[in-house]
Engineer: 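If you scroll down you'll find the structure; I have some questions about it.
Quick caveat, the model's predicted, so the values are computed rather than measured. Proteins come first, then strands; the chains are lettered A, B, ... in the order of their sequence lines, and each starts at number 1.
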Number of protein chains: 2
Amino acid sequence: METSDLKKAGLKVTLPRMKILEILENSETRHLTAEAIYRELLDSGEEIGLATVYRVLTQFEAAGLVCRLHLEGSQAVFELERGGHHDHIVCNQCGRVEEFFDETIETRQREIARQHGFSIKDHALVLYGDCSDSACPHRPV
Amino acid sequence: METSDLKKAGLKVTLPRMKILEILENSETRHLTAEAIYRELLDSGEEIGLATVYRVLTQFEAAGLVCRLHLEGSQAVFELERGGHHDHIVCNQCGRVEEFFDETIETRQREIARQHGFSIKDHALVLYGDCSDSACPHRPV
DNA sequence: CGGCTCGATGATCAAGATTCTCATTTCTAT
DNA sequence: ATAGAAATGAGAATCTTGATCATCGAGCCG
């Protein structure tokens with residue numbers, strides 16, 4: 001259950017936080033902007049301010065509940081942290097986001113960092129392309 | 001010479017454009033924010049507006065003369081496009097940026113994209129770490 | 001269950017980065 | 001040199017995100 005995760009992070013269990021968690025859990029794309037979450041809240045009749053959405057997402061990020069990603073657009077997208085690390089492929093046409101994990105790349109990254117005298121702490125890898133060779137069946141984000 | 005590149009891109013050869021190219025060429029870090037370029041222009045006595053810097057950099061990007069990167073900070077950084085593609089390692093401590101190219105990673109990226117039904121067009125890979133294990137000799141950006 | 005205390009919220013404002021507007025200036029071709 | 005088109009500068013505008021502050025509600029204690 002998620003309310004325990006909230007408490008564990010020292011956050012009170014409030015309606016805005018639960019609603020936002022719920023939206024993140026039930027989202028089909030699993031990668032939402034703060035604005036998109038805000039709009040879903042409005043659509044479901046919740047009177048929750050945009051500032052609260054940003055504040056809550058930032059707290060969730062600090063608590064390790066969500067990841068903040070900077071894909072192509074100007075807005076950050078947030079995804080629920082479910083288990084492991086992964087990287088992303090974004091379709092230039094429809095904005096669809098897919099996830100992948102590749103041990104070969106992870107290993108090479110560590111080797112490259114070591115060769116340059118860096119101890120790697122994190123990385124960001126995003127592939128951009130066109131999905132399904134022009135018959136892209138998804139709508140833009 | 002660079003003025004020919006400007007003409008080739010359909011851009012008039014103007015003083016702001018030449019000065020900005022010059023700064024990009026002579027920069028030691030090779031990765032500059034628009035603000036940093038603007039400050040260098042002011043320091044060298046040029047009366048060039050920040051809006052022009054952004055405008056020119058955007059045009060240079062469209063012409064393939066420079067790359068725009070989103071590293072850690074909130075500001076984009078620009079680097080002169082010299083030959084080949086490469087990715088970046090950024091030091092969390094001092095902000096230093098190093099470049100690398102790894103065929104293994106490039107190949108794996110193409111394979112992964114294909115497996116997901118994507119034709120890859122571009123990618124962004126940034127490694128974040130600490131350089132030289134705590135004895136970081138460089139200043140913050 | 002009722003109240004207390006502090007964290008959470010909402011509304012608005014603010015900040016930072018980047019782009020836009022528009023009058024003026026500067027290239028470039030003629 | 002001159003006209004026409006494009007570029008510039010200054011500032012306003014925009015977009016995203018974080019800050020402020022008064023009000024509200026969650027959680028704890030009796």
Engineer: Closer to the 5' end of DNA chain D via nearest nucleotide, is it A:Q75 or B:P16?
Structural biologist: B:P16
Engineer: Taking B:R30 first and then B:E99, would you say they form a salt bridge - that is, a charged N and a carboxylate O separated by under 4.0 Å?
Structural biologist: yes
Engineer: Could you tell me how far apart B:L42 (CG) and D:dT8 (C1') are, to the nearest whole angstrom?
Structural biologist: 15 Å
Engineer: Over how many whole Å does the gap from A:L11 atom CG to C:dC6 atom P extend?
Structural biologist: 18 Å
Engineer: Taking the nucleotide of DNA chain C with the closest heavy atom to each, which residue, B:L50 or A:R55, is nearer the 5' end?
Structural biologist: A:R55
Engineer: In whole Å, I'd like the distance from the CZ atom of A:R68 to the C1' atom of D:dT17.
Structural biologist: 8 Å
Engineer: Rounded off to whole Å, could you give me the CZ-to-P distance for the A:F60 and C:dT9 pair?
Structural biologist: 9 Å
Engineer: Atom CG of B:L57 to atom C1' of C:dC20: distance rounded to whole Å?
Structural biologist: 17 Å
Engineer: Can you measure B:E35 atom CD to C:dT19 atom P for me and round it to whole angstrom units?
Structural biologist: 13 Å
Engineer: Between B:S74 and D:dT17, is there a side-chain N or O to OP1/OP2 distance below 4.0 Å?
Structural biologist: no
Engineer: State plainly whether the residues B:E103 and B:R110 are in salt-bridge range, i.e. N to O under 4.0 Å.
Structural biologist: yes
Engineer: Respond yes when some side-chain nitrogen or oxygen of A:Y54 is under 4.0 Å from OP1 or OP2 of D:dT17, and no when none is.
Structural biologist: yes
Engineer: Identify whether any heavy atom of A:L15 sits under 4.0 Å from a base atom; if not, whether one sits that close to sugar-phosphate; answer base, sugar-phosphate or nothing.
Structural biologist: nothing
Engineer: Could you state the atom-to-atom distance from NZ of B:K19 to P of D:dT8 in whole Å?
Structural biologist: 14 Å
Engineer: What is the distance from CD1 of A:I48 to C1' of C:dA11, rounded to the nearest Å?
Structural biologist: 15 Å
Engineer: Contact class for B:E47 (heavy atom, under 4.0 Å): base, sugar-phosphate, or nothing?
Structural biologist: sugar-phosphate
Engineer: When all nucleic acid strands are considered with a 4.0 Å heavy-atom cut-off, which category describes A:R17: base, sugar-phosphate, or nothing?
Structural biologist: sugar-phosphate
Engineer: Find which nucleotide of DNA chain C each of B:V13 and B:A51 is nearest to by heavy atoms, and output the residue with the more 5' nucleotide.
Structural biologist: B:A51
Engineer: Base, sugar-phosphate or nothing for A:A34? Non-hydrogen atoms, less than 4.0 Å.
Structural biologist: nothing
Engineer: Can you find a side chain N or O atom of B:T14 that sits less than 4.0 Å from OP1 or OP2 on D:dA6?
Structural biologist: no
Engineer: Go through the steps to decide whether A:H31 and A:F78 satisfy the test side chain to side chain contact (heavy atoms under 4.5 Å, CB included), and finish with yes or no.
Structural biologist: CA-CA 5 Å; A:H31 301 85; A:F78 297 84; over 6 Å; no
Engineer: I want to know whether B:H88 and B:H70 have ring centres closer than 6.0 Å.
Structural biologist: no
Engineer: Can a salt bridge be assigned to the pair B:E98 and B:R96 using a cut-off of 4.0 Å between side-chain N and carboxylate O?
Structural biologist: yes
